[in-house]
Amino acid sequence: MNPFEGYRVTSPYGWRIHPVYKERRFHTGIDLVKSHKAPILAFTDGSVIFAGFAKDGTGLGGMGNVVCVVDKYGHNHVYAHLDSVSVKVGDKVKKGQEVGKQGNTGVSTGSHLHYEVRKKSSPSYGYNSNREAQCFEPTQYLIDFYSKEEKEKVESEDDAQMKLADWEKSLLIDAVKKFSKTNGVDGKPVINSPDTWIKKINDGTITAGEVAILNMAILSRTVK
């Protein structure tokens with residue numbers, strides 16, 4: 001998975017010689033390029049806690065026009081050096097929503113997006129004088145974030161109650177009755193507690209995950 005597909009990486013996360021100050025400094029984010037004034041889209045959902053030109057002493061100094069978006073885990077996503085901002089403080093943004101335009105504001109040698117994920121959002125928008133400890137490595141952070149989101153989505157779908165048509169209920173109940181009397185490879189019934197399953201089906205409280213379990217039990221002849 002490449003969370004930065006469509007961008008060209010011009011400077012990765014980690015130690016480097018700063019292009020302006022010409023000294024070894026820790027780069028807390030990743031520099032990404034599309035084209036000047038290209039729309040910059042949010043990498044995650046979140047709440048906007050800063051949008052505008054960052055002043056020195058705020059924890060965002062030198063970053064020019066900045067948008068800060070706090071995700072569901074409380075981590076601060078910093079979109080910096082923007083030409084302009086497209087959101088305001090208090091906005092709820094969705095992944096893929098425009099937050100600004102790629103720019104060259106602040107301490108910058110060319111049009112690009114400096115993107116970082118700070119471990120905290122306050123004080124000073126999560127700034128830490130120990131720059132190595134301040135941020136997550138952004139590529140891996142997003143890969144892990146998207147993986148968690150997908151897992152939660154699947155679990156949510158599994159927990160969703162199934163709205164079965166009467167004919168679907170009838171077929172499922174017939175299968176439960178049949179395979180509660182049919183032994184699997186270990187000599188035990190393929191489906192245990194048929195009355196419990198049938199009640200769930202009739203009540204409409206059976207979930208997508210449970211239907212999947214029943215189907216797997218029937219197909220594989222294993223005890224469930």
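All values below come from the heavy atoms of this structure, side chains included, with hydrogens, waters and symmetry mates left out.
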Do L172 and V211 come within less than 4.5 Å of each other through their side chains, counting heavy atoms only?
yes

Counterpart residues, side chain to side chain donor-acceptor pair (under 3.5 Å), relative to T105 (two or more places apart):
none

Inter- and intrachain pairs under ring pair (Phe, Tyr, Trp, His ring centres under 6.0 Å), touching residues 91-114, at least two apart
H27-H114, H81-H112

Tracing side-chain links under 4.5 Å among I, L, V, M, F, W and Y, which residues wind up in one group with L60?
I49, F50, M63, V66, V70, V78, Y125

Which residues satisfy the side-chain contact (heavy atoms from CB on, under 4.5 Å) test with D144, sequence neighbours excluded?
Q140

For K169, give me all partners under side chain to side chain donor-acceptor pair (under 3.5 Å), at least two apart in sequence or on another chain.
none

In terms of relative ring orientation, are H77 and Y115 parallel, tilted or perpendicular, with 30° and 60° separating the classes?
tilted

How far does CG of L82 sit from OG of S108, to the nearest 0.5 angstrom?
10.5 Å

As an exercise, state the distance from CD1 of I201 to CD of E210, rounded to the nearest 0.5 Å.
9.5 Å

Are I173 and L171 connected in a single hydrophobic cluster, I mean Ile/Leu/Val/Met/Phe/Trp/Tyr linked by side-chain heavy atoms less than 4.5 Å apart?
no

Would you say the side-chain atoms of S170 pair up with the backbone N or O of D166, donor to acceptor, closer than 3.5 Å?
no

In terms of heavy-atom contacts, K55 and T58 come closest through O-OG1, 2.7 Å

Are P19 and T109 side-chain neighbours, meaning at least one heavy-atom pair lies under 4.5 Å?
yes

Can you name the residues that form a side-chain contact (heavy atoms from CB on, under 4.5 Å) with D56, not counting sequence neighbours?
none

Separation between CG of N104 and CG of N65, rounded to the nearest 0.5 Å
11.0 Å

Test your reading of the model: is there a side-chain donor-acceptor pair from Q134 to the backbone of N128, 3.5 Å cut-off?
yes

For the atom pair OG (S121) and CG (D71), what is the distance rounded to the nearest 0.5 Å?
9.0 Å

For a side-chain contact (heavy atoms from CB on, under 4.5 Å) check, start with the C-alpha distance between L164 and I206, then their side-chain angles and the critical distance, and finish with the verdict.
CA-CA 9 Å; L164 300 172; I206 193 164; 4.1 Å; yes

How is the hydrophobic cluster of F26 composed, in terms of its other members, when Ile, Leu, Val, Met, Phe, Trp and Tyr link through side-chain heavy atoms under 4.5 Å apart, directly or indirectly?
Y13, W15

How far apart are the closest heavy atoms of K92 and S47, and which atoms are they?
NZ-OG, 2.9 Å

Which side-chain N or O atoms in residues 33-46 pair as donor and acceptor under 3.5 Å with protein atoms at least two apart or in another chain?
from, atom 1, to, atom 2, distance (Å)
H36, ND1, S111, OG, 2.9
D45, OD1, K95, N, 2.6

Side-chain donor-acceptor pair present, S84, K101, cut-off under 3.5 Å:
no

Y73 six-ring face occupied by K148 cation (under 6.0 Å, within 45°)
yes

CG-SG distance between N130 and C135, expressed to the nearest 0.5 angstrom
10.5 Å

Should the pair E116-R131 be classified as a salt bridge under the 4.0 Å nitrogen-to-oxygen rule?
no

Taking V107 as the starting point, is it possible to reach Y127 by hopping between hydrophobic residues whose side chains are less than 4.5 Å apart?
no

Checking F136 now: which residues fulfil ring pair (Phe, Tyr, Trp, His ring centres under 6.0 Å) with it, not counting sequence neighbours?
H75, Y141

Partners meeting side chain to side chain donor-acceptor pair (under 3.5 Å) with Y79 (sequence neighbours left out)
none

Pairs of donor and acceptor atoms involving the side chains of residues 1-12, under 3.5 Å and at least two apart or interchain, shall be tabulated with distances.
from, atom 1, to, atom 2, distance (Å)
N2, OD1, F4, N, 3.0
S11, OG, R16, NH1, 2.9

Flag the pair K151 and E149 as a salt bridge only when some basic side-chain nitrogen lies within less than 4.0 angstrom of an acidic carboxylate oxygen.
no

Look up atom CG in L113 and atom CG in D83, then write down how far apart they are to the nearest 0.5 Å.
12.5 Å

Least distance between heavy atoms, E98 atom then S86 atom
OE2-OG, 2.7 Å

Does a sphere of radius 6.0 Å around NZ in K177 hold more than 12 heavy atoms from other residues, nucleotides or ligands, not counting ones at 6.0 Å or beyond?
no

The criterion is side chain to side chain donor-acceptor pair (under 3.5 Å); which residues satisfy it with D91, sequence neighbours excluded?
K88

